[in-house]
Amino acid sequence: MGRAEERRARQRGGRRAAPPTRSSGTPSEGIATGGRAAARKAAARGKKGAKKGKSGKSGIRRLFTWKKILGTFLGFCLLGIGAFVVMYMMIDVPKGNAKAQEQSNIYEYSDGSVMAREGDTNREIVDLSEVPKPVQRTFVAAENKTFYTDSGIDLKGIARGLLNTLSGKGKQGGSTITQQYVKNYYLDQDQTVTRKLKELVISLKVDRETPKDDILAGYINTSYYGRGAYGIQAAAQDYYRVDAKKLTVEQGAYLAALLQAPSQYDWAAATPTGKKLVTARWNYVLDNMVKQGWLDKSKRDAMTFPFPKEPKAAPGMEGQKGYFIKLAKQQLEKQLVAKEGITQDEAEARVENSGWTITLNIDKKKQAQLEKAVKTQLTSQLDPKKRTVDRNVQAGAASVDPKTGKIVALYGGSDYTKHYISNANRTDYQPASTFKPVILAAALENASETQSGKAIGANTIYDGTSKRQVVDSNGNKVGFGPENEDDADYGKVTVQTAMNKSINSVFAQMGVDVGMDKVLETATKLGMDTGKLRPLPAYTLGTMGASPIQMAGVYATLDNHGKQVTPSIIKSAEQGGTEFQMPDPIGEQVISRKAADTVTSVLTGVVDDGTAKKSVQQNPARDGRKVAGKTGTSDDNKSAWFTGYTPDLVTSVGLFGEDYKTHGQSKLYNTAGLDRVNGGGFPAEIWAAYTFGVAGKNIKFDLDTDQGAAVQPTWTPTPSATPSETPSETPSETPSETPSETPSETPSETPSQTPSQSAPTGQQSTPVETSTSPLNPFDPNADQ
């Protein structure tokens with residue numbers, strides 16, 4: 001192409017022709033080919049740019065390439081390794097300081113006067129040679145199977161523990177025996193990053209410098225076993241009354257199992273769940289010994305659980321003091337676990353002999369009156385020499401200020417040195433009909449209705465026929481029809497009358513009307529422990545376990561107009577000049593004020609015209625005080641209750657049948673020569689003698705309700721037609737002297753109907769009530 005032609009092409013808007021290539025044909029072909037190639041490249045660049053602009057990822061990809069990420073990770077690893085090397089060089093193994101840190105704990109009454117000092121450490125160091133080799137191995141099997149071969153730390157265990165914690169499976173220590181020994185002997189129980197890093201470094205050095213046997217000896221001699229026992233020799237004496245050198249493999253496995261949670265696993269005080277857990281742990285230890293080749297399987301299979309001896313109380317723990325101290329420790333440990341994220345055994349070690357000054361809420365005047373009431377109303381009437389059953393009677397009580405949540409008085413038993421279990425805090429007996437107010441509270445809080453669509457309230461009509469089959473919302477029978485006391489039929493009655501007479505059939509149906517899931521939810525809000533309970537209709541009869549402290553908390557929440565009250569025995573806890581902040585016993589509004597006040601109003605009827613009328617309402621010491629409360633008597637007369645309150649004081653009293661030899665549950669029939677014990681008898685009498693001696697006078701309930709006996713104290717059903725579950729029927733007159741309840745059946749697909757015990761003919765003529773246990777009260781899928 002000549003210059004003239006190029007000029008003409010530019011004038012036409014064309015581009016300068018590309019120079020011919022080797023593959024080009026004629027000049028004109030080269031121009032066409034070059035133009036197309038350029039166009040394709042431009043289009044490709046445009047598409048690539050558009051793609052980059054659309055995704056916006058090109059910059060990020062350049063910034064976060066896999067090479068840069070890997071390099072950063074390796075850099076952090078190198079920094080971590082370098083820092084650890086520096087720490088390893090700088091941190092020396094300190095001198096053992098465990099004994100130097102041991103101090104007495106001081107316990108004070110609410111007025112600041114000293115109640116008790118818990119002091120000298122129960123420890124005796126023994127050489128490892130004095131501990132049988134198989135017993136030594138039980139601790140290795142329980143805590144650290146790789147102990148004899150590891151380097152003092154277990155990185156896999158630490159990583160596994162961290163992963164389990166992050167994944168919500170609970171805190172997992174991942175510590176070796178060496179690490180635990182270092183923590184016990186060289187460091188402390190603080191859960192800080194600094195302490196953990198020191199623990200790792202010192203563990204590596206100790207493992208390198210100290211023989212394994214010396215480490216194991218140090219571990220079993222410094223660990224805490226519960227009951228105030230430090231070290232295997234003290235534990236062997238406290239639990240089995242033998243020296244460490246005479247321990248059997250079975251006993252050693254139990255002591256090794258204890259270290260995971262000493263107080264929870266102490267058989268003498270363990271809950272049913274605690275006993276399950278320690279038994280499982282004991283089996284785990286022995287099975288590990290078989291796997292490690294340390295125990296013959298045939299011998300293992302022949303082994304039985306070695307039940308420990310009863311604990312021996314330390315001096316100064318006599319009377320009620322031991323119960324106070326034990327509860328204070330439990331509540332403090334619980335808060336340490338919650339606030340500092342430590343394990344239960346670490347919390348126990350933090351509290352035991354660690355220089356705490358703990359001031360209790362116990363009021364000396366109220367405490368003296370409570371002990372006096374138990375003595376005058378109960379123990380003075382018992383004659384163990386004349387009647388064997390009188391040896392089996394155990395009383396427990398807890399008294400709470402509903403405005404502050406303070407436990408102002410507590411009765412744990414006759415003497416802590418003679419009866420280790422606190423009857424005020426035990427949860428292995430049924431609260432029976434004292435649970436009925438919870439059902440009513442759930443109904444009111446959830447605006448529940450009867451099967452016929454009537455709102456449930458104090459004046460709602462229910463069928464009080466004994467053994468009446470409970471039906472669900474579809475009219476289908478649920479396989480539960482509890483018997484009333486002495487199989488008494490009440491016909492159509494109001495909820496108020498049903499509460500006064502404690503009519504089982506009414507509350508069984510009400511629980512299903514409300515929904516047992518909602519009933520248990522309300523119970524939890526009010527302060528009961530219902531974690532593993534299934535929503536079974538049988539629980540309407542109070543067949544779960546509960547303690548006087550729990551029931552006092554439930555009723556205190558009602559008394560406090562629905563604001564949650566969690567009973568606390570600790571006023572303050574201080575260590576080394578620093579006060580540990582305990583939670584406020586008064587919590588949030590858990591049920592509405594109107595619902596709580598309506599239940600209180602209804603419960604005044606139980607006192608004025610129900611099962612507590614004789615012991616409380618007619619008591620000459622009442623002096624016009626306003627009282628609300630509820631009686632309860634469990635299946636087979638194994639427990640009897642009265643939980644009641646004035647506007648300023650809530651007290652729950654329980655009577656429990658406990659075999660004095662086996663400590664299993666026993667029946668209270670013929671106690672003090674009576675046919676049977678009921679809630680309106682000894683428990684209500686103890687309650688009245690105590691409460692009317694210390695509670696304020698002429699204080700009225702400030703109730704926000706238009707329902708219940710406090711509003712209509714003389715209201716009773718009339719023969720006039722009243723809408724009910726069966727509109728054509730009318731309520732009948734309520735029997736005034738008829739006993740209330742004794743169901744004797746357990747819920748099943750086809751409920752049984754066993755006749756109940758006859759009514760008493762002795763001193764206690766007050767109407768009574770009893771309830772029975774479900775066949776399967778716990779969800780089997782929730783067992784651990």
### Message
Looking at every heavy atom in both S639 and F656, which two are closest together, and how far apart are they?
### Response
CB-CD2, 3.9 Å

#### Entry: Residues Y411, V653; criterion side-chain contact (heavy atoms from CB on, under 4.5 Å); working and verdict
CA-CA 9 Å; Y411 190 86; V653 180; over 6 Å; no

#### Entry: Side-chain donor/acceptor of Q665 to backbone N/O of D428, under 3.5 Å
yes

### Query
Tell me, which pairs form a side-chain hydrogen bond (donor to acceptor under 3.5 Å, both in side chains) where one or both residues lie in residues 521-530, sequence neighbours left out?
T524-T530

### Task
For the pair Q496 (side chain) and A709 (backbone), establish whether a donor and an acceptor sit closer than 3.5 Å, ignoring hydrogens and angles.
yes

#### Entry: Any P647 side-chain heavy atom under 4.5 Å of K700 side chain
no

### Query
Parallel, tilted or perpendicular for F642 and W687, by the 30°/60° rule?
perpendicular

### Query
So do Y462 and I503 actually touch side chain to side chain, heavy atoms under 4.5 Å?
no

### Query
How long is the gap from CG on L668 to NZ on K638, to the nearest 0.5 Å?
10.5 Å

### Message
Using only atom types and a distance under 3.5 Å, with no angle test, would you say the side chain of Y539 pairs donor to acceptor with the backbone of F435?
### Response
no

#### Entry: Minimum side-chain heavy-atom gap S505-K467 below 4.5 Å
no

### Query
Should D597 and H561 be marked as a side-chain contact (heavy atoms from CB on, under 4.5 Å) after you check the CA-CA gap, both sets of side-chain angles, and the distance that decides it?
CA-CA 6 Å; D597 287 358; H561 310 296; 2.8 Å; yes

### Non-neighbouring partners of A628 that pass side chain to side chain contact (heavy atoms under 4.5 Å, CB included), sequence neighbours left out
T600, L603, T604, Y645, F701

### Task
Taking all heavy atoms of N670 and all of V389, pick out the closest pair and write down the distance.
O-CG1, 3.6 Å

### Message
Using the rule given for salt bridge (Lys or Arg N to Asp or Glu O under 4.0 Å), can you reason through D559 versus K626, listing the C-alpha separation, both sets of side-chain angles and the distance that settles it, and then say yes or no?
### Response
CA-CA 12 Å; D559 198 0; K626 302 300 180 182; over 6 Å; no

### Message
Between I421 and H663, is there a side-chain heavy-atom distance shorter than 4.5 Å?
### Response
no

#### Entry: Heavy-atom side-chain contact between V607 and R622 under 4.5 Å
yes

#### Entry: Spacing of Q509 atom CD and Q469 atom CD [to the nearest 0.5 Å]
10.5 Å

### Message
How close do L655 and L378 get, counting heavy atoms only, and between which atoms?
### Response
CD1-CD2, 3.5 Å

### Message
Looking only at the side chains, is there a donor atom on one of S448 and N446 sitting less than 3.5 Å from an acceptor on the other?
### Response
no

### Message
Using modelled atom types and a 3.5 Å cut-off, is there a donor and acceptor pairing between side-chain atoms of T427 and backbone atoms of G545?
### Response
no

#### Entry: Side-chain donor/acceptor of D489 to backbone N/O of G491, under 3.5 Å
no

### Message
Quick check for you: to the nearest 0.5 Å, what is the distance between Q430 atom CD and W641 atom CH2?
### Response
10.0 Å

### Query
Do you know the tightest heavy-atom contact between S601 and T705?
CB-CG2, 4.0 Å

### Query
Is there a side-chain contact (heavy atoms from CB on, under 4.5 Å) between K334 and V337 once you walk through the steps?
CA-CA 5 Å; K334 181 178 180 180; V337 170; 5.9 Å; no

### Query
Do Q564 side-chain atoms and V590 backbone N/O form a donor-acceptor pair below 3.5 Å?
no

#### Entry: Interatomic spacing from CG in D636 to OH in Y669 - rounded to 0.5 Å
5.0 Å

### Message
Between V471 and K477, is there a side-chain heavy-atom distance shorter than 4.5 Å?
### Response
yes

### K275 NZ: over 12 foreign heavy atoms closer than 6.0 Å
yes

### Donor-acceptor pair between S466 and D487 side chains, under 3.5 angstrom
yes

### Query
Among all residues two or more places apart in sequence or in another chain, which pass the side chain to side chain contact (heavy atoms under 4.5 Å, CB included) test with Q589?
K563, R593

### Message
One pair to check against side-chain hydrogen bond (donor to acceptor under 3.5 Å, both in side chains): S502 and T611. What are the steps and the verdict?
### Response
CA-CA 8 Å; S502 209; T611 52; 5.9 Å; no

### Query
Is a donor on one side and an acceptor on the other found under 3.5 Å between the side chain of N423 and the backbone of G396?
no

### Gap between atom NZ of K492 and atom OG1 of T465 - 0.5 Å precision
7.0 Å

### Message
Under a 3.5 Å cutoff, is there a donor and acceptor pairing between the side chains of Y690 and T651?
### Response
no

### Query
So with a 6.0 Å cut-off around NZ of K403, is the heavy-atom count from everything else above 12?
yes

### Task
Just do the side-chain contact (heavy atoms from CB on, under 4.5 Å) check on E449 and D513 with the steps written out, would you?
CA-CA 7 Å; E449 298 179 345; D513 291 347; over 6 Å; no

### Query
Minimum heavy-atom separation for I407 to I569, with atom names?
CD1-N, 3.9 Å

### Task
Check whether any side-chain heavy atom of P437 sits under 4.5 Å from a side-chain heavy atom of M499, and report yes or no.
yes

#### Entry: Shortest non-hydrogen contact between V554 and M528, atoms and distance
CG2-CG, 3.5 Å

### Task
Decide whether S452 and T450 meet the rule of one side-chain donor and one side-chain acceptor closer than 3.5 Å.
yes

### Message
Nearest 0.5 Å, please: how far is CD1 in I591 from OG1 in T598?
### Response
9.0 Å

### Message
Please check: side-chain N/O of T633 versus main-chain N/O of G679, any donor-acceptor pairing under 3.5 Å?
### Response
yes

### Message
Could you check whether any side-chain heavy atom of V599 comes within less than 4.5 Å of a side-chain heavy atom of L444, counting everything from C-beta outward?
### Response
yes

### Task
Verify, without hydrogens or angle tests, whether T631 (side chain) and G680 (backbone) share a donor-acceptor contact under 3.5 angstrom.
no

### Task
Using modelled atom types only, decide if a donor and an acceptor are shared between the side chain of N474 and the backbone of N476 within a distance under 3.5 Å.
no

